[in-house]
S.K.: 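I am attaching a structure below and will ask some questions about it afterwards.
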Amino acid sequence: MKVEKQVTSGQLDFAFTRRAAFVGGVQAAIGLTVAARMSYIAVADNEKYKLLAESNRVNLTIIPPRRGWFIDRFGKPIATNRADFRVDIIPDRLAKKDETVQTLAELLALSTDDVDRIHRELKNAQGFQPVQVADGLDYDKFAAVSVRLPDLPGVSPRQGYSRFYPSGAAVGHLIGYVGTVSAEEYQKNKKPLLITPGFKVGKDGLEKTLEDRLQGEPGAKRTEVTARGKIVRELTTRPDTPGKPVQLTIDIDLHNYAARRLGLESGSVVVFDCLTGDIITMASMPCYDPNSFSDGIGRVEWKMLNSDDHIPMLNKALQGLYPPGSTLKPVAGLAMLRHGIDPEEIVICNGGYRLGNRVFKCLGRHGPVNMTTAIMKSCNTYFYSMGRRIGYDNIAPVARELGLGQEFPLPFPSQRYGTVPDSAWKMRKYDQKWTESDTLNAVIGQGYIIASPFQLGLMAARIASGLNIQPEILLQKRAAAKPLSFPKAHLDVVREGMNLVVNGAGTAVRSRLMLDNIAMAGKTGTAQVRRISGSQRGQSGAWKYRDHGLFVCFAPVDQPRYGAAVVIEHGMGGARAAAPIAKDVLTFIYDRAQAMASLEALEAGWGGNIEQRMAAKYAVFQNQPAPPPPLDPTA
């Protein structure tokens, strides 16, 4: 029989005490660990959790900085900022996209075009990149959205500033436009400012190239909110710092006039200060309205711009390239004088010039002509004869010295520099020798030579002043320009020929200035678009096949101050299309009342000013029926 071991009370007391000590030790260790962690959180991590708690209670909103203004040489605004109410959508916070957009369309009376744009941008947007619904709203519409915010997650109404261009389309190519940051741009630089509703960056023109100067410093606003995001009170606000203003050399009144005076034409007007090189005017029309891009351009308007054969998205002053035609003859005249041609030497013009078996035609039968008469009458025969004598390799350097084919360090995103050909250029490009027929074409501004209106305007200004002026768009103090390499006597011969073009018996006598003691000198030009046989020479037919019209000029004749160029695409002649515009633009400088009277009479026949014509065109384009679907070839 097994005997059970007896456990005494002392043994029981000892075992209980040991277990209690162990449990107590564990509890104490846990307590110490918790206490240590709480102490660490309360002391070492105090700032971290304080910030987290603060972020739950306080909402920090970035205030987009106002962009610096563009102002003209007299301080008049070209691009400003205007206070407005706006509504944006933050895609990552959007719950019911279609319902939200439909509600906003009803509240804000959005057009179908606007709704299509919003859906398109929402599809391409990423994360918190805002999509603009509308800006420039009145307070009633802004309030209508604000009171519905609990039912519209992802919608962000706010008061801010938007870019405004008082001159509208007149300054589109000059200034450029702004827009929201694209997804690609945000991926390169993920700053929170870039996706803040209302923040815009320069997308084209000076707005783009001067972005660093124009963009200011953002501000911030701290507001106390509830757990559901409702604002309790505003705590503090740090205002934004606006960008720096940029003063241009432009005279905005003259620039706007030039843009309006271009009317229904496709072309450009460039005006320089002959003494300094300041760009006074650089108008290119037709053009887009930069306010449309700033507000978010609609699909219909974008389609209208892209379908226009006058190419309103192209800055014709800097990017348009054209054969200079007879506007090159003063340049050729200076080259001939440099290489020993007597300006009084006579050439008999019988209507053309024979080279081998080919006759190069003139514009008429001018009879005996010297250099000034040849410039006045635009006699091709004279320049064929003298150009062949000295060779085009002696003319090309003069063209370059006067600004053709040259690159200038201007803050524009793109310029086209054209071509001033010579024998080395042709061998390099085509592996062919330069021929005498090449010389005869080039000496009258045809063939391989092409230039921009900007370069032609600079050429006229340099001839007028005799100074090697450098073009500038930013108003600033500069050193005085140095003289060109031409003797004054040579410049006087060419200037007199250009004077006779307008004030003698030349090709632009109908564009003589109707001003007391102010005369304009100039040179007309007609540039072929393509080789045309027959008698029409690009003076009729489809618009895109007609000749270009060009005119370079300066005024006053006795003390030149302004040099200019006008190029009208497919205008069929400089005297017909370009010179009358130059006449009115220069008249505006000296007699605004006379110039405005002429413009208003013309606009009455054109259907109004630029804004009115664009609105009418948009209305017509918007109401056009959609093209029928293509036929199914399998049907």
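Small disclaimer: the values here were computed from a predicted structure and weren't measured. Position 1 is the first residue of the sequence; numbering continues from there. What's counted below: heavy atoms across the whole structure, side chains too, no hydrogens, waters or symmetry copies.
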S.K.: Is it true that a side-chain atom of Gln415 and a backbone atom of Phe408 form a donor plus acceptor pair closer than 3.5 Å?
M.R.: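 Yes, because the side chain of Gln415 sits within donor-acceptor range (under 3.5 Å) of the backbone of Phe408.
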
S.K.: Is any side-chain N of the basic residue among Arg117 and Glu121 closer than 4.0 Å to the acidic one's carboxylate O?
M.R.: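 Salt bridge between Arg117 and Glu121, a charged N being under 4.0 Å from a carboxylate O: yes.
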
S.K.: Say you draw a straight line from CG of Leu410 to CG of Leu318; how long is it, rounded to the nearest 0.5 Å?
M.R.: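 That separation rounds to 7.5 Å.
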
S.K.: Are Phe199 and Tyr161, when compared by the centres of their aromatic rings, separated by less than 6.0 Å?
M.R.: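 No, they do not, as the ring centres are separated by 6.0 Å or more.
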
S.K.: Return each pair, listed once, that meets side-chain hydrogen bond (donor to acceptor under 3.5 Å, both in side chains) where at least one residue sits in residues 578-588; pairs must be two or more places apart or across chains.
M.R.: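 Checked against side-chain hydrogen bond (donor to acceptor under 3.5 Å, both in side chains) - neighbours excluded - the pairs reaching residues 578-588 are Arg261-Asp584, Asp584-Ser598.
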
S.K.: Decide, yes or no, whether a salt bridge links Asp278 with Arg478 under the criterion of side-chain N to carboxylate O below 4.0 Å.
M.R.: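 Yes, charged N to carboxylate O under 4.0 Å.
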
S.K.: Quick one: CZ on Phe412 to CD1 on Ile473, what's the gap to the nearest 0.5 Å?
M.R.: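 Spacing of CZ (Phe412) from CD1 (Ile473) equals 4.5 Å.
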
S.K.: State the OH-OG distance between Tyr322 and Ser268, to the nearest 0.5 angstrom.
M.R.: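 Atom-to-atom, Tyr322:OH and Ser268:OG are 5.5 Å apart.
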
S.K.: Please determine, by modelled atom types, if Ser266 and His310 share a side-chain donor-acceptor pair under 3.5 angstrom.
M.R.: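 No donor-acceptor contact under 3.5 Å links the two side chains.
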
S.K.: Test: side-chain hydrogen bond (donor to acceptor under 3.5 Å, both in side chains). Region: residues 450-461. Which pairs qualify, not counting sequence neighbours?
M.R.: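 side-chain hydrogen bond (donor to acceptor under 3.5 Å, both in side chains) check on residues 450-461 returns no pairs.
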
S.K.: Can you tell whether the side chains of Lys190 and Glu185 come within less than 4.0 Å, N to carboxylate O?
M.R.: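 Not counted as a salt bridge, because no side-chain N and carboxylate O are separated by less than 4.0 Å.
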
S.K.: Where the side chain of Thr327 meets the backbone of Lys523, is there a donor-acceptor pair that is under 3.5 Å apart?
M.R.: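 Judged by distance alone, no pair lies under 3.5 Å.
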
S.K.: Considering only heavy atoms from C-beta outward, does the side chain of Arg260 approach that of Met596 to under 4.5 Å?
M.R.: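 Contact flag for Arg260/Met596 side chains = yes.
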
S.K.: Begin with the C-alpha distance, continue with both residues' side-chain angles, and end with the deciding distance and a verdict on salt bridge (charged side-chain N to carboxylate O under 4.0 Å, His left out) for Asp309 and Lys544.
M.R.: CA-CA 9 Å; Asp309 61 357; Lys544 65 180 180 179; over 6 Å; no

S.K.: Compute whether any side-chain donor of one residue and acceptor of the other, for Glu301 and Tyr288, lie under 3.5 angstrom apart.
M.R.: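 Note: Glu301 and Tyr288 side chains miss the donor-acceptor criterion.
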
S.K.: Could you tell me the separation between the CG atom of Leu305 and the CD1 atom of Ile311, rounded to the nearest 0.5 Å?
M.R.: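 Answer rounded to 0.5 Å: 12.0 Å.
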
S.K.: Please name the residue in the list Pro453, Ser414, Ser284 that meets the side chain to side chain contact (heavy atoms under 4.5 Å, CB included) test with Asn315.
M.R.: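 Passing option: Ser284.
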
S.K.: Enter the distance from Cys287:SG to Leu314:CG here, rounded to the nearest 0.5 Å.
M.R.: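 Those atoms lie 10.0 Å apart.
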
S.K.: Quick one: are the ring centres of Tyr139 and Phe85 less than 6.0 Å apart?
M.R.: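 Yes, close enough.
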
S.K.: Would you please name every residue forming a side-chain contact (heavy atoms from CB on, under 4.5 Å) with Asn306, sequence neighbours left out?
M.R.: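 By the side-chain contact (heavy atoms from CB on, under 4.5 Å) rule, Asn306 matches Trp302.
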
S.K.: Roughly how far, to the nearest 0.5 Å, is CG of Leu602 from CG of Leu264?
M.R.: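 Reported to 0.5 Å precision, the distance equals 9.5 Å.
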
S.K.: Can you find a heavy atom in the side chain of Leu458 that is under 4.5 Å from one in the side chain of Leu402?
M.R.: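 The answer is no; the side chains never approach within 4.5 Å.
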
S.K.: Does a donor on one side chain sit under 3.5 Å from an acceptor on the other, for Ser156 and Arg158?
M.R.: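 Side-chain D/A pair, Ser156 to Arg158: present.
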
S.K.: Filter on side-chain hydrogen bond (donor to acceptor under 3.5 Å, both in side chains), then keep only pairs touching residues 245-257, sequence neighbours left out; what's left?
M.R.: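 Found Lys76-Asp253, Ser167-Asn256, Asp253-Arg592.
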
S.K.: For the backbone of Gly525 and the side chain of His548, can you confirm whether one donor and one acceptor N or O come within less than 3.5 Å of each other?
M.R.: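 No, because the side chain of His548 does not come within donor-acceptor range (under 3.5 Å) of the backbone of Gly525.
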
S.K.: Salt bridge check: are Arg163 and Glu207 linked by an N-O gap of less than 4.0 Å?
M.R.: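 Answer for the salt bridge query: yes.
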
S.K.: Test of understanding: with salt bridge (Lys or Arg N to Asp or Glu O under 4.0 Å), list the residues that count as partners of Asp204, not counting sequence neighbours.
M.R.: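 None.
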
S.K.: Using a 3.5 Å cut-off and no angle test, enumerate the donor-acceptor pairs between side-chain atoms of residues 210-219 and protein atoms at least two apart in sequence or in another chain.
M.R.:
| unit_1 | atom_1 | unit_2 | atom_2 | d |
| --- | --- | --- | --- | --- |
| Glu211 | OE1 | Arg67 | NH1 | 3.0 |
| Glu211 | OE1 | Arg67 | NH2 | 3.0 |
| Glu211 | OE1 | Gly202 | N | 2.8 |
| Glu211 | OE2 | Arg67 | NH1 | 3.2 |
| Glu211 | OE2 | Gln215 | NE2 | 2.7 |

S.K.: May I ask you to decide if Gly263's main-chain N or O and Arg613's side chain share a donor-acceptor pair within less than 3.5 Å?
M.R.: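 Looks like yes, one N/O pair under 3.5 Å.
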
